[in-house]
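First up is the structure itself, then whatever we jot down about it.
Here is the naming used below: chain letters follow the sequence lines, and residue numbers restart at 1 for every chain.
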Amino acid sequence: MTTTPQAARRASPRKRRPVTPTAPDPTVGLLPQNDPVRLLDPDGTLLPARADYPEPSVEALREMYRRMVVGRRFDAQATALTKQGRLAVYPSSRGQEACQVGGVLALRYDDWVFPTYRESMALTARGIDPVEVLTLLRGDWHCGYDPARQRTAPQCTPLATQCVHAAGLAYGESYQGRDTVALVYIGDGATSEGDFHEGVNFAAVFKAPVVYFVQNNRYAISVPLSRQTAAPSLAHKGVGYGVPSEQVDGNDPMAVLAVLTRAVAHARAGKGPFLVEAHTYRMEAHTNADDATRYRDADEVEAWRDRDPVARLETYLRGRDVLDDAAVAEIAEQAETYAARLRERMNGQPTVDPLSLFDHVYAEPTAQLVEQREQVRAELAAAAEGDA
Amino acid sequence: MTTTPQAARRASPRKRRPVTPTAPDPTVGLLPQNDPVRLLDPDGTLLPARADYPEPSVEALREMYRRMVVGRRFDAQATALTKQGRLAVYPSSRGQEACQVGGVLALRYDDWVFPTYRESMALTARGIDPVEVLTLLRGDWHCGYDPARQRTAPQCTPLATQCVHAAGLAYGESYQGRDTVALVYIGDGATSEGDFHEGVNFAAVFKAPVVYFVQNNRYAISVPLSRQTAAPSLAHKGVGYGVPSEQVDGNDPMAVLAVLTRAVAHARAGKGPFLVEAHTYRMEAHTNADDATRYRDADEVEAWRDRDPVARLETYLRGRDVLDDAAVAEIAEQAETYAARLRERMNGQPTVDPLSLFDHVYAEPTAQLVEQREQVRAELAAAAEGDA
Amino acid sequence: MATTMATALNAALADAMLADERVLVFGEDVGQLGGVFRITDGLQARFGDKRCFDTPLAEAGIVGFAVGLAMSGLRPVVEMQFDAFAYPAFEQIASHVAKLRNRTRGALSVPMVIRVPYAGGIGGVEHHCDSSEAYYAHTPGLKVVTPSTVDDAYSLLREAIDDPDPVVFMEPKKLYFAGAETVLPARTEPFGRAVVRRPGRDATLVAYGPAVPVALDAAEAARDEGWDLEVVDVRTIVPFDDATVAASVRRTGRCVVVQEAQGFAGVGAEIAARVQERCFHALHAPVLRVCGLDIPYPAPMLEHTHLPSVDRVLDAVARLQWDDQPDRRWLTEGSAA
Amino acid sequence: MATTMATALNAALADAMLADERVLVFGEDVGQLGGVFRITDGLQARFGDKRCFDTPLAEAGIVGFAVGLAMSGLRPVVEMQFDAFAYPAFEQIASHVAKLRNRTRGALSVPMVIRVPYAGGIGGVEHHCDSSEAYYAHTPGLKVVTPSTVDDAYSLLREAIDDPDPVVFMEPKKLYFAGAETVLPARTEPFGRAVVRRPGRDATLVAYGPAVPVALDAAEAARDEGWDLEVVDVRTIVPFDDATVAASVRRTGRCVVVQEAQGFAGVGAEIAARVQERCFHALHAPVLRVCGLDIPYPAPMLEHTHLPSVDRVLDAVARLQWDDQPDRRWLTEGSAA
Ligand SMILES: Cc1ncc(C[n+]2csc(CCOP(=O)(O)OP(=O)(O)O)c2C)c(N)n1
Ligand SMILES: Cc1ncc(C[n+]2csc(CCOP(=O)(O)OP(=O)(O)O)c2C)c(N)n1
Ligand SMILES: [Mg+2]
Ligand SMILES: [Mg+2]
């Protein structure tokens, strides 16, 4: 049989009854707001109050300010230590203080943090000994602090891999009846990795209490965000996992704290993960070893100076009369003391026992490792004899 | 300085000027519609016309019907071949005929298809020799057809990995000035893999002309969709990559063809990738080796029988008077002939030269492989002698 | 009735879950379905869907999730559905599972088991038959275990789950349904101990996992040729039992290593290197290897050409210089110092 | 002025791009920045951002994208930023890059180069110093190449880009800025040929990549001990040059393999196994190995303990039984057939 043109052209017998009414919009509560949440203007003035994000208490903000100032000073000190050869390398987070400090301030002491290499400031703000934080970068061992005691995973270098660990840890905690939340720091670039996808998805499917906190500082080393994604925002990835998300002005300390506080509360309440994208900027190069002038203009950096999170919060707190010159000076002094003490303690080469290389590969070294340890021991003995 | 409660409670000096007006909704054109696109009711009646998806021509639909009928017969034949021991294993796509055929019908002959193990029907519908398609499952070699000539990648088993290849291929084609489109078949389960994320993202960033076509048949082997994602739909993943997306009733052949035709046109026009999720159902077990009764109810399967895509299209075409009993019988006969010829050709064991194992590891075998080939050759000679 | 390796593995999982409620079993299709090889059959019904459950389809996710669970104090046992499908998890395994204890000076440990059904001989299509043990064995921080007997399947898996370190537990698929008369629970030699499966005086065959039955068959067939072959089953590739292997080779003076994986830079190379390092003066012939060919795993119809066979093992044994060829060392002595 | 390996690699990329417009160079930070080691410096400026470009940060994506580009007829050269950061791409490399030609009986090929800056000695933090060559060398279908000289860096990279097969091109980071007097373009021996870097009579040191300078230094130092050592640079691990290595060992009668990677089941094991298989009667001593320790790569302050050193090589050479110890074979002869 062949189709006659007439038959083909004949009006089709259309269904007359109306189509099933459209289902309710399934993205409600999942999509981020179009604009990053902002509570403080870049000049420090308070914006109109909003119902979704109540202002954090001034006490909390004052403490945030203090930690940001100390954090910035710590960061500068760490950079200085690279110049003195005390640190092999240091990835600065100057400019990202609101995110660094906001992330840890939103948490309870027994919550977990999953940081990257860039979160040295966050970890010191969490109260971890800065010398232990810098162990990785000084080079005496990999992770210098005790992650179990500090409830802080080792700073993660293989990008995005910690997204999955956090899902497992958070699920494991809730499985064991604990209401711990895990907060994952991750960069804009790392969201392109498969492990970001798998981690957020696992967290969502298992309703694990994780806050994924993307510090979008606009660059992955030299690669700008436009090469990373064509999405309206990184926060828009949330809906694809059924995870509510929000964008926040990452240089607005008040907004960062408010948004993360809500995100953490969401997770703790058993509602599953939450995704936050903070729009911020890395003021320094990727690390001291990087040359940022190769890939970005001085103008761009300059423009971000006007959005400095520390000055912004200071202006606001001064305006609220909860911070005056004396207080600012006192905090600056705390910061100086912190830096001086760090400088001192980083002075001098730590000693590490070469035989410790064999101690933690397994709970008990294998026969092969015992053999290799004996060989190294013999070499060291011979060398000592040679020196003597 | 300590904060006095008074100071803290004092009204904050709020900004008076209104907040920057809200940016336009950035998700416009990216989010899928809430309801899967449907043009034909399950009973075959035409639904009200819609501007976004014009009906495909009846000629195209009649051809689609023909290929679906032949495809279903092919599928049944392949399943039968497993029972006769002619195929090691066969993953059936019965119930998914609209997707299998719609995908290839939406393409030009020189477009590329990136199929999975489940797309045997799609590939035969594309005109690839069914014996070559079944080579993988018969076990004489891996890929039986010539992918370069057929513009069809080898059927992909490592899930989601083909998402990235398609991005590269499509970008490479357009880079070389060709307006080829790549269509990726992928299952619901595989969207959880990191490679799905990386593939779609690469395609979006490089504006590669790829259509990602998710056949959501509700199971990954035994794992139901609810264990795969908490998202409103798989199509909602698109916005996270800046990729427009759509849901479609995967058992509505007309809608599948219409949506894919638009998706392909979008890609070909240089607007980048498009994501389509088809809601469908795998009527058989995962493969003949699987036992689907272990994880799903007969009721569920029954319910989907009423949404049979072949019957649906047949009813519609009959209603349009472009298909009558004679035509249906003629197509059924074509299908029988196709199956009979396949059965015949699959009768008997193919012979494969063991020495060919060394031919394609590299363009030229290495010295080591030459050595191993000589060893095998000697073994074969010895065995032949032993037999003689 | 004979017990199969599959049954033994299933029993080991069940007994471990019973003994320690921190043990969680998860992966793709391990719940309701009981795994594509039914190794987890019945566990979800018995222990509930919080103890044995399906995950999203993502192997890096599965392994990384297990790392997090282990950090929280649990004992995850995950299944990779097939050998080649563990590759997406390679970064998680190599950079995290293997290293976490060491990175943190022991503050965090990862007592987890990654079960990998591996190797061929089952007529599987591509990507379902890889022998991937060398990738793990070459990665410090992992233990790599592979049973060849039903008793070992049970005992080694129980030990793996109890072990404080991460264990990649490689299950030879072709042996899943091979049976043996035994009574479970079985307790065999611990990790780090190879076992002489068949004593012999003339040469040692060293094998593991799917190659052990091949070696045993070859030893049996070798009797016709007048060779009395010893067969050593490595069992735990890491930690490796040098003592048992070297003792055997020192006794026999000859050695053939049999492995199913492609040979180049595989575990068999390590064994050959170790044996000649330790037994040089005892060796009457070089240590030979019978391995899979250095090709991607072939399609079903050609896999018998790829796999180490009894004949190929016997050919290697025949090349072990039985004729007491004169020492030809003088040929090259001139150029030595 | 001396040319560094970094310069030579950069020149090889530029010359290849000039010679063949199908060559595309991409990866993380290779565009505007010119790569974290500046190996791609200036390529984007010179050839435009369609020939040399940055990608999203995803290694499986980069490698898989390259597979697709190769299918479309292009010749991708991708950079993995550091050794351990290639692990996320492991599935793409092992299941696709390595196998595509074979799967399709040659209908599709994957002429691509995966550049991997690898190994340590540069004080890098964790995950930046892995020696991962064995993972690739054990995977049939890949060629694995690693230069140790400036000329080889240029010539082997050019050959890798022209090669019809996928090449994992492993660049020893610590040699990037080592210089040599040379004039580019240089043309050295092709793939599959090892080279005697230093002739010697008493023993052969077999090394590749970052271990070659260590072997050469050891050979120099060995003169004080009265040993005249030959140094063979493997250059291309796959395909491997048995002939050159075996000829050397047959001449010297003694062999030490030096590699930076952890030893267990590494490339050095393969070399040791091959050498004793082929040179058994020429050997006066077992083939010994000097490798990295079987531990995760250590923190900077301890890396010198991990890395093969001149002393450790000399210790191994000293154990090569120079004393003409009596042949103790009789000790075990009793138990042989
Ligand atoms: C898997 C992996 N690939 C590559 C790298 C190398 N690398 C280190 S940091 C970096 C950029 C990360 O950018 P982003 O995620 O935006 O974080 P940021 O450094 O800006 O904080 C890259 C490519 C890595 N650490 N891990
Ligand atoms: C990387 C990887 N992991 C696991 C598997 C094993 N496997 C084969 S098919 C399948 C389920 C796939 O489900 P889906 O993507 O929904 O496709 P469908 O089979 O339903 O068409 C699984 C887990 C695989 N092939 N590849
Ligand atoms: Mg960034
Ligand atoms: Mg499915």
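- Between chain B and the options D:Ala107, D:Pro76, D:Pro88, the largest number of non-hydrogen pairs under 4.5 Å is found for D:Ala107.
- Interface residue D:Lys143: backbone and side-chain heavy atoms are both found under 4.5 Å from chain B.
- Contact annotation for B:Gln162: neither backbone nor side-chain heavy atoms come within less than 4.5 Å of a heavy atom of chain D.
- Interface residue D:Val238: only side-chain heavy atoms are found under 4.5 Å from chain B.
- The residue among D:Ala98, D:Ala66, D:Gly68 with the most heavy atom pairs within less than 4.5 Å of chain B is D:Gly68.
- Heavy atoms closer than 4.5 Å to chain B are found in the side chain of D:Phe53, but not in its backbone.
- Heavy-atom distances place the side chain of B:Arg178, and not its backbone, under 4.5 Å from chain D.
- Looking at heavy atoms from C-beta onward, D:Leu69 lies out of side-chain contact with B:Tyr175 at the 4.5 angstrom threshold.
- Atom CZ of D:Arg105 is separated from atom OG1 of B:Thr135 by 6.5 Å, given to the nearest 0.5 angstrom.
- Atom-to-atom distance recorded for B:His360:NE2 and D:Leu100:CG is 12.5 Å, nearest 0.5 angstrom.
- Residues D:Met71 and B:Pro147 form no side-chain contact, since every pair of their non-hydrogen atoms from C-beta on lies 4.5 Å or further apart.
- Among B:Tyr145, B:Phe206, B:Phe202, B:Phe114, the residue making the largest number of heavy-atom pairs under 4.5 Å with chain D is B:Phe202.
- In D:Arg51, the CZ atom is crowded: over 12 heavy atoms of neighbouring residues, nucleotides or ligands sit closer than 6.0 Å.
- With a threshold of 4.5 angstrom between heavy atoms, B:Ala166 does not approach chain D through any atom at all.
- Closest heavy-atom contact between D:Leu108 and B:Pro154: CD1-CD, 4.0 Å.
- Between the side chain of B:Gln368 and the backbone N or O of D:Phe240, at least one donor-acceptor pair lies under 3.5 Å.
- For B:His165 and D:Gln92, the side-chain atoms include at least one donor-acceptor pair closer than 3.5 Å.
- If you measure heavy-atom distances from D:Leu142 to chain B, the contacts under 4.5 Å come from the backbone alone.
- At least one donor-acceptor pair under 3.5 Å links the side chain of B:Trp141 to the backbone N or O of D:Asn102.
- Residue contact with chain B, scored on non-hydrogen atoms closer than 4.5 Å, involves the side chain of D:Arg274 exclusively.
- Using modelled atom types, one finds no donor on one side chain facing an acceptor on the other under 3.5 Å when comparing B:His142 with D:Thr104.
- Between chain D and the residues B:Ala363, B:Gly172, B:Cys143, the largest count of heavy-atom pairs under 4.5 Å involves B:Ala363.
- Within the 4.5 angstrom heavy-atom criterion, only side-chain atoms of D:Pro164, from C-beta onward, approach chain B.
- In this structure D:Asp233 satisfies the salt bridge (Lys or Arg N to Asp or Glu O under 4.0 Å) test together with D:Arg197, sequence neighbours excluded.
- Your options are D:Gly73, D:Pro56, D:Ala60, and the one with the most heavy-atom pairs under 4.5 Å with chain B is D:Pro56.
- Neither the backbone nor the side chain of B:Glu193 comes within less than 4.5 Å of any heavy atom of chain D.
- Few gaps surround CD on B:Glu374; more than 12 heavy atoms of other groups in view lie less than 6.0 Å from it.
- In this structure a side-chain-to-backbone donor-acceptor pair under 3.5 Å is present from B:Gln176 to D:Ser72.
- Neither the backbone nor the side chain of D:Ser109 has a heavy atom closer than 4.5 Å to any heavy atom of chain B.
- Crowding of B:Gln375 atom CD: a count of heavy atoms from other residues, nucleotides or ligands under 6.0 Å exceeding 12.
- Here D:Phe191 contributes atom CZ and B:Thr366 contributes atom OG1; the two are 13.0 Å apart, rounded to the nearest 0.5 Å.
- Contacts between B:Leu357 and chain D at a heavy-atom distance below 4.5 Å involve the backbone alone (N, CA, C, O).
- Counting heavy atoms from C-beta on, the side chains of B:Asp195 and D:Glu91 come closer than 4.5 Å.
- In this view, D:Asp162 satisfies the salt bridge (Lys or Arg N to Asp or Glu O under 4.0 Å) rule with no residue, not counting sequence neighbours.
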For side chain to side chain contact (heavy atoms under 4.5 Å, CB included), just list the numbers for B:Val361 and D:Arg101, CA-CA rounded to whole Å, side-chain angles, deciding distance to a tenth of an Å, and then say yes or no.
-> CA-CA 7 Å; B:Val361 184; D:Arg101 174 189 291 277; over 6 Å; no
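- Side-chain atoms of B:Tyr362 come within 3.5 Å of backbone N or O of D:Gly141 as a donor-acceptor pair.
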